[in-house]
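Sequence lines set the chain letters: A, B, ... in the order given, protein chains first and strands last, and positions in each chain run from 1. As the structure is a prediction and not an experimental result, all values here were calculated from the model.
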Amino acid sequence: MTLSLITEQLLNGVQLGVMLFLMSAGLTLVFGIMNFINLTHGSLYMIGAFAGAATQAATGSFLLAMLVAPLVAAAAGLALETTLLRRFYGRDHLDQVLVTFGSILALNEATRMIFGLTPLRMNLPPALSGHVDIAGIPYPTFRLAILITGLIVAGLLYLVIMRTRIGMWVRAGASNRPIASAMGVNVPLVFAALFGAGAALAGLAGVMAGPILSVQVGMGEPILILALVVTVIGGVGSIRGALVAALLVGVVDTLGRVLLTPALGSMAIFVMMAAILAFRPKGLFPAHG
Amino acid sequence: MAEPATNLSRLRDVVPTLLILAALAATPMVALAIGDPFIVKVATRVVIFAIAAVALNFVVGYGGLVSLCHAGFFGIGGYVVGILAWHDFNAEPLWFMSGTSDLAISLPAAILLSAMIATIVGAISLRTSGPYFLMITLAFNQMFYYGAIALQKYGGDDGLQIMSTITLGPLDVSNRYRFFYLALAVLALTLLLVGRFVDSRFGMVLRASSKNETRVIAVGVDPWLYRLAAFVVSAVLTAVAGALLAAGQQFISPVDMGWDRSGDLVVMAVLGGVGVVWGPAIGAAAFVVLELVLSSWTTHWQFVFGLLIVLIVVSLRGGLADLAQTLFARRSGEAKHG
């Protein structure tokens, strides 16, 4: 195990962490505000990836794919929220799990019906397909681009949530919905916007993962489960917790797979989660008091 | 609670339970009569998943704890049987013991191992509640899943084929019919056991703490230990179901312990009805048969199936058990939901 390999894997880990943050941001805030477990978040990621791949196949433009994917995912998310999921906010968690579980099955199969069984491949634009030198290590330009894009989006999101009025409403809703509502925050409206934004971020993560992984049905669930782990470790409803936990999970998962066997490495984050929860059952940065 | 009401409700549990067991017991005869042994295979699958769903419902329906790691325990049971049989077939000792294809040894081993793992997992997961519990158990399920994939020696991704003949003591249970009745006996025991637990003080504390935890604590009872006990019992019974699956189909693979299989088990329980002990058994039967019928119609059966699940959650709140009881009550002129 050389230093350069470790550095490369660390970068990969941070890159996975950034993607996980894009996924968990929506998940954790939706959960924090509505106390709703949205298992379809992984499907939105998949929808984003497929929308991106289809756009690129039709137009040949990767940039356009990057723009279309979040929009399609947001539209799908809002459609799902307004027609179905909205009815389940007051229901117990068992019903929420079932309705989202059923939706996942239906969405996965619908995608399979439209795009078939063979995974789609996304090609990299020439500008991003090479390597760049980072401290003497050749690192794929595209992965670096993901890392930077992810960091920028994550940073912007962090600023919006932590420093703006809208972000204040969101945080208020996440930490205490009835009080926020009583203080004049239009929680349903804020929430709908948030759901759409969360879906868009999931779609963006999906299309960015497209060229690295293959775009296929069922790609959403592994990342959903990682995002749930991030949400739980970070503390539900906490954007700061999601950021820290996403980077932690990304790095541990990536290094685990390299240092141990891939399967054993995949177990590492769950062991880590168990260890953290054994001491802090509410996660690292709980949003609810 | 008045005494006659208790008797009546007990009767409401006993009659359907006996009906379910009798109907299942008759299926091999039907299979023989029409000469279609495939029916026995399906019925065995129904029975095995019924065991798991009834076991899961003990924590979901009565404890209010939606566990999504039960497929993991199911798989652990299956892998214990599979791995012991592998060592028996290859005549290679497993640490201090030799392998075995005898369920009289491998079932207790599955029970012991799953109980130990469930105690650890439960102790950690039950520090949280509600949605947190759900997400944590989901993560644990994935841990088991990847754990099974990591078992390279035992097939890894491809799963583990059982090459030796499975016995129960001196009895050869590789016969399809004999195995079916073995599984059915386990289902009967499971229904009896869970029914007794639900009616006991243990079950009462469990139900009470899912309805109002604060009151239970105020009365001076710590629900944590009761929940942990229920979780372990439920996990162990699920592991037994998994052990039977592995023994019956001579095969176990990580697919049998994926997180979607955990979701399937929850769907079975809810489809049947979480309010009664025997509900999930009907749910498992409906699920297995529905899966079979839909997949014979179209390769895209999961689409229909997913929509059906959504529809069931939206409309059929009490599950099939409640539907049956309502129909029965209406027929006998008893206004149950009046």
- [ ] Check whether any side-chain heavy atom of B:Phe144 sits under 4.5 Å from a side-chain heavy atom of A:Phe270, and report yes or no.
- [x] no
Task: Atom pair CG (A:Leu228) and CG (B:Leu68), whose distance is rounded to the nearest 0.5 Å - done: 9.5 Å
Open item on the list: Less than 4.5 Å apart, side chain to side chain, heavy atoms only: is that true for B:Trp259 and A:Phe101?
Closed with: yes
Open item on the list: Are the side chains of B:Val313 and A:Arg91 in contact, using a 4.5 Å heavy-atom criterion?
Closed with: yes
Task: A:Leu94 to B:Val266 - nearest heavy-atom pair and separation - done: CD1-CG1, 3.5 Å
Open item on the list: Can you tell me which portion of A:Phe88 sits under 4.5 Å from chain B's heavy atoms? Options are side chain, backbone, both or neither.
Closed with: side chain
TODO: Work out which heavy atom in B:Phe303 is nearest to a heavy atom in A:Met113; give both atom names and the distance.
DONE: CG-CE, 3.3 Å
Task: Engaged part of A:Ile225 at the chain B interface, taking heavy atoms whose separation is under 4.5 Å - done: side chain
- [ ] Rounded to the nearest 0.5 Å, what's the gap from CG on B:Asp264 to CG on A:Leu105? Could you check?
- [x] 7.0 Å
Task: Inter-residue atom distance A:Leu98.CG - B:Ile309.CD1, 0.5 Å rounding - done: 7.5 Å
Open item on the list: Show the nearest heavy-atom pair for residues A:Ala263 and B:Ile149, with the distance to one decimal.
Closed with: CB-CG2, 3.8 Å
Open item on the list: Once rounded to the nearest 0.5 Å, what's the spacing between atom CZ of A:Arg257 and atom OH of B:Tyr146?
Closed with: 6.0 Å
Open item on the list: Show the nearest heavy-atom pair for residues B:Arg127 and A:Leu277, with the distance to one decimal.
Closed with: NE-O, 3.6 Å
Task: Contacting region of A:Leu84 [heavy-atom separation from chain B under 4.5 Å] - done: side chain
Task: When A:Arg87, A:Glu221, A:Gln96, A:Arg112 are compared by non-hydrogen pairs under 4.5 Å with chain B, the top option - done: A:Glu221
- [ ] Look at the aromatic rings of A:Phe31 and B:Tyr132 and report parallel, tilted or perpendicular, splitting at 30° and 60°.
- [x] perpendicular
Task: Rounded distance (nearest 0.5 Å) linking atom OG of A:Ser266 with atom CE of B:Met143 - done: 12.0 Å
Task: Check against side-chain contact (heavy atoms from CB on, under 4.5 Å), A:Asn108 and B:Gln302 - done: CA-CA 8 Å; A:Asn108 274 350; B:Gln302 285 208 331; 5.5 Å; no
- [ ] Please state whether the side chain, the backbone, both or neither of B:Asn141 comes within less than 4.5 Å of a heavy atom of chain A.
- [x] neither
Task: Toward chain B, the part of A:Val232 with a non-hydrogen atom under 4.5 Å - done: side chain
Open item on the list: At a 4.5 Å cut-off on heavy atoms, which part of B:Ser125 comes close to chain A: side chain, backbone, both, or neither?
Closed with: neither
Task: Shortest non-hydrogen contact between B:Pro131 and A:Ile37, atoms and distance - done: CB-CD1, 3.6 Å
Task: Side chain, backbone, both or neither of B:Val121 within contact of chain A (heavy atoms, under 4.5 Å) - done: neither
Task: Per-residue contact mode, A:Leu260 against chain B (heavy atom under 4.5 angstrom) - done: neither
Task: Spatial distance of atom CG (A:Leu224) from atom CG (B:Leu138) [nearest 0.5 Å] - done: 7.0 Å
Open item on the list: Give me the atom names and distance for the closest heavy-atom approach of A:Val236 to B:Met135.
Closed with: CG2-CE, 4.1 Å
- [ ] Could you check which of B:Leu307, B:Thr128, B:Ile136 has the highest count of heavy-atom pairs closer than 4.5 Å to chain A?
- [x] B:Ile136
